[in-house]
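Below is one structure; the comments refer to it alone.
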Amino acid sequence: MTGGPDLASARPAAQRLDLGPGLTFVPGYLDRLAQERLLAEIRDLARRAPLFTPRMPRTDQPFSVRMTNCGPLGWVSDVSGYRYQPTHPQTGEPWPAMPESLLDAWNELARFPHPPEACLINFYGPGARMGLHQDKDEGELAAPVVSLSLGATALFRIGGLSRRDRTRSIRLSSGDAFVFGGAARLVFHGIDRILPETSDLIPGSGRVNLTLRRVTPAPAA
DNA sequence: TAGTGACC
DNA sequence: TCCT
């Protein structure tokens with residue numbers, strides 16, 4: 001189709017940074033034009049599947065980020081727990097289809113022979129954070145998680161497979177890609193804070209993070 | 001006790 | 001690592 005980010009401008013694989021087994025950081029994966037095109041698609045998705053404020057299981061405390069999803073399944077959280085579901089929790093409508101541009105990004109970055117089923121779209125305002133956590137609600141842990149950042153720079157914290165492992169901080173800037181796979185598929189990670197006024201892509205020091213995931217076990221060959 | 005916690 |  002048309003109108004997707006120009007992924008032909010992606011950096012060559014040689015400029016990927018391997019941070020350890022299964023962790024790949026691709027600074028500047030999307031150039032400015034690709035970022036603008038992708039953001040326009042996200043804004044369109046958010047009109048059809050409005051941002052909602054997830055709440056913590058059990059405590060019912062609201063998250064500081066707002067979110068929506070696209071693809072056959074979407075990640076949601078409320079007082080009863082975390083889960084993937086095929087419909088928006090407020091409208092009851094199916095999630096919008098995944099844009100072709102995101103399928104292209106998955107194909108370039110994930111190197112997994114089946115398409116992603118969910119793209120979680122997180123919107124961070126200047127005070128939003130995401131506590132250290134693992135992405136482990138997916139039934140297919142052989143597939144990586146592919147993350148794309150747009151807008152304000154985030155201080156991203158990444159640790160190991162145990163919550164007690166050493167962590168390090170990485171700045172994720174607009175256009176950067178990050179892939180968790182293989183031995184690093186379940187590493188703890190989170191967002192400490194957003195650095196204000198680090199990008200003019202999204203007004204008000206906003207940040208969007210897209211995470212592409214395979215949710216159900218891939219069909220047998 | 002766990003924990004998209006708080007903190008770093 | 002330390003709470004609640």
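Letters go in sequence order (proteins before strands), and every chain restarts at 1.
Taking atom NE2 of residue A:His133 and atom P of nucleotide B:dC7, one finds them 18 Å apart after rounding to whole Å. A:Arg129 places its CZ atom 11 Å from the P atom of B:dC8, with the value rounded to the nearest Å. The distance from atom CG of A:Asp137 to atom P of B:dG3 is 11 Å, rounded to the nearest whole Å. To the nearest angstrom, P of B:dA2 lies 17 Å from CG of A:Leu132. Between the CZ atom of A:Phe188 and the C1' atom of C:dT1 there is a distance of 14 Å, rounded to whole Å. Rounding to whole angstrom units, NE2 of residue A:His189 and P of B:dG5 are separated by 12 Å. Between A:Asp135 atom CG and B:dG3 atom C1' there is a gap of 15 Å when expressed in whole angstrom units. Remark: C1' of B:dG3 and CZ of A:Arg157 are 17 Å apart, rounded to the nearest angstrom.
Ring to ring, A:His88 and A:Phe52 are close: their centroids are under 6.0 angstrom apart.
Side-chain proximity of A:Arg164 to B:dC8, C:dT1, B:dA6: nearest is C:dT1.
For the residue pair A:Glu140 and A:Thr216, no side-chain donor N or O sits within less than 3.5 Å of a side-chain acceptor on the partner. Using modelled atom types and a 3.5 Å distance limit, the side chains of A:Thr53 and A:Arg55 yield no donor-acceptor pair. Between the side chains of A:Glu197 and A:Ser205, no donor-acceptor pair is found at a separation under 3.5 Å.
For A:Asp192 and B:dC8, a side-chain-to-base donor-acceptor distance below 3.5 Å is present, hydrogens and geometry of angles not being considered. Evaluation of atom-type donor-acceptor distances gives a pair under 3.5 Å for the side chain of A:Arg163 against the base of B:dG5.
When both pairing distances are held under 3.5 Å, B:dC7 makes no Watson-Crick or G-U pair with any nucleotide shown.
For the pair A:Arg185 and A:Phe180, the cation-pi criterion (under 6.0 Å, within 45° of the ring axis) is not fulfilled.
A:Asn122 comes within 4.0 angstrom of no nucleic acid atom, judged by non-hydrogen atoms across all strands.
Take the nearest nucleotide of DNA chain B for A:Arg58 and for A:Phe63: the residue whose nucleotide is more 5' is A:Arg58.
Taking 90° from 0 as the syn/anti boundary, the base of B:dT1 is oriented syn.
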